[in-house]
Amino acid sequence: MAKMKALICRECGKEYPTKAIHVCELCFGPLEVKYNYEEIKQNISRKKIESGPHSMWRYIDLLPVEGAPSVGPHAGFTPMVRAKNLGAFLGLDELYIKNDTVNHPTLSFKDRVVAVALTRARELGFETVACASTGNLANSVAAHAAAAGMRCYVFIPGDLEAAKVLGNLIYKPNVVEVEGNYDDVNRLCSEIAGEHKWAFVNINIRPYYAEGSKTLAFETVEQLGWRAPDQVVIPMASGSLLTKIKKGLQEMETLGLIGKVKTKINGAQAEGCSPISTAFKEGRDFFRPVKPKTIAKSLAIGNPADGYYALKATAETGGAMDMVSDEEVVEGIKLLAQTEGIFAETAGGVTIGVLQKLVKQGIIKKGDVTVAYITGNGLKTQEAVIDAVGRPVRIQPSLVNFEKTFKMGKNGGADA
Ligand SMILES: *Cc1c(COP(=O)(O)O)cnc(C)c1O
């Protein structure tokens with residue numbers, strides 16, 4: 001028997017073959033991958049995983065592909081950084097940063113989901129790949145498609161950061177800039193996907209694509225020495241990443257790789273686009289779509305596909321959600337950079353800002369083993385911080401000038 005059993009409707013439970021489909025024809029619920037855990041359990045062990053490749057593919061037994069990875073062999077297995085300085089600043093004894101700013105090849109967590117999506121798309125016989133993107137997804141699809149020699153279309157909103165636009169063009173896919181926001185892009189792509197037999201990674205390939213996010217949970221557990229954290233803080237756009245980190249932790253328990261998971265799952269959004277966090281704070285289990293207006297463009301989805309499931313996942317674990325202003329996003333980026341030397345994009349500022357809020361509210365406590373997911377690189381969103389970092393000290397090229405500028409006497413004196 002294969003490790004993948006079927007695609008299963010998350011609402012009514014109807015099962016489908018593992019093809020390029022994503023909605024239930026009976027109830028229109030979203031489909032997800034159903035695994036044969038009994039068989040996987042006999043095949044998996046900590047030792048086997050530890051002797052696997054230094055990439056997310058060391059968890060291939062829990063990923064929805066049939067053969068070996070044919071696209072994105074180096075994605076994942078990014079550093080887990082013990083954040084002593086930031087922890088001390090916030091009053092946390094054991095804080096970790098899961099650092100996907102250095103993911104391969106396009107410096108965001110999207111390299112994980114795309115590696116799975118394109119490997120699966122190839123197995124299903126597709127030659128053209130496409131996506132609707134808030135920025136990072138397009139970069140990753142474009143890069144992986146170039147390396148895999150696949151035809152590629154990426155659809156992006158009209159107001160993306162310069163580095164994210166360039167980060168598509170350099171790989172020479174068809175870059176389609178849509179006059180509208182992500183939700184307009186996504187609607188258009190759903191129509192196109194109905195007409196053209198392409199692998200849209202976050203539409204008809206979404207059940208497979210989304211599973212790639214679980215590897216962040218697997219790595220977290222392994223890198224913490226085979227234990228689940230007490231608290232995690234996760235940025236939310238569609239909400240998919242959050243639901244899959246929960247699923248990944250659950251699978252580690254199901255397979256007997258760790259004991260009972262008690263991790264509290266916390267979600268983070270920016271105030272200018274916080275349909276999920278707002279619903280949570282108002283005690284609703286449904287969200288109201290919004291028109292996004294925030295510098296955290298990678299998270300700017302006003303009508304989040306997995307919003308409902310993210311609310312449910314957080315509530316089930318006893319976690320919380322919150323949101324931060326654009327000013328707090330910038331402060332969060334600076335705080336992480338200046339305490340830990342990690343330059344995150346705006347989504348990282350959202351995560352750090354919300355982490356700080358949850359600590360202040362006493363929701364995350366001093367002794368909690370806490371992991372904050374930093375999902376994208378700051379060099380891609382320089383516009384957000386360019387006016388908040390000052391300028392270099394400019395001097396004439398002479399020793400005298402240098403020492404005068406820094407008010408130093410002869411033989412040093414000041415060491416700062
Ligand atoms: C896409 C993205 C996310 C989260 O995406 P979901 O749609 O919620 O899975 C988080 N951070 C960054 C930087 C992203 O690009």
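Counting convention: from 1, in listed order, for ligands and their atoms alike. Just so you know, these numbers come straight off a predicted model, no measurement behind them.
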Any side-chain donor paired with an acceptor under 3.5 Å for [X] and [Y]?
X    : Y    : answer
Y96  : E94  : yes
K110 : N139 : no
K98  : Q223 : yes
T119 : Y208 : no
S238 : R206 : yes

Shortest protein contact, [atom] (heavy atom only):
atom                    : answer
atom 4 (C) of ligand 1  : F109 CE2, 3.8 Å
atom 9 (O) of ligand 1  : L241 N, 2.9 Å
atom 7 (O) of ligand 1  : S238 OG, 2.6 Å
atom 5 (O) of ligand 1  : A237 CB, 3.6 Å
atom 11 (N) of ligand 1 : T375 OG1, 2.7 Å
atom 2 (C) of ligand 1  : K110 NZ, 2.4 Å

Requested in this report: Given side-chain hydrogen bond (donor to acceptor under 3.5 Å, both in side chains), test E222 with Y59 step by step and report yes or no.
Outcome: CA-CA 11 Å; E222 185 181 350; Y59 312 103; 2.6 Å; yes
Under 4.0 Å from a heavy atom of [X]: give me the atoms of ligand 1 that qualify, with their elements.
X    : result
S298 : 13 (C), 15 (O)
G239 : 6 (P), 7 (O), 8 (O)
S240 : 6 (P), 8 (O), 9 (O)
L299 : 3 (C), 10 (C), 11 (N)
E345 : 13 (C)

Does any N or O atom in [X] lie less than 3.5 angstrom from one in ligand 1, N or O only?
X    : result
G376 : no
N136 : yes
A347 : no

Query raised in the report: Do W198 and F126 have ring centroids that are under 6.0 Å from one another?
Result: no
Query raised in the report: Would you call D326-K293 a salt bridge at under 4.0 Å N-O?
Result: no
Query raised in the report: What closest approach, in Å, do E328 and S325 show between heavy atoms, and which atom pair accounts for it?
Result: OE1-N, 2.8 Å
Query raised in the report: Using a heavy-atom cut-off of under 4.0 Å, does the side chain or the backbone of L242 touch ligand 1, or both, or neither?
Result: neither
Query raised in the report: Does S108 come within less than 4.0 angstrom of ligand 1, counting non-hydrogen atoms of the residue?
Result: no
Query raised in the report: Given side chains that start at C-beta, do those of L224 and V371 come closer than 4.5 Å, heavy atoms only?
Result: yes
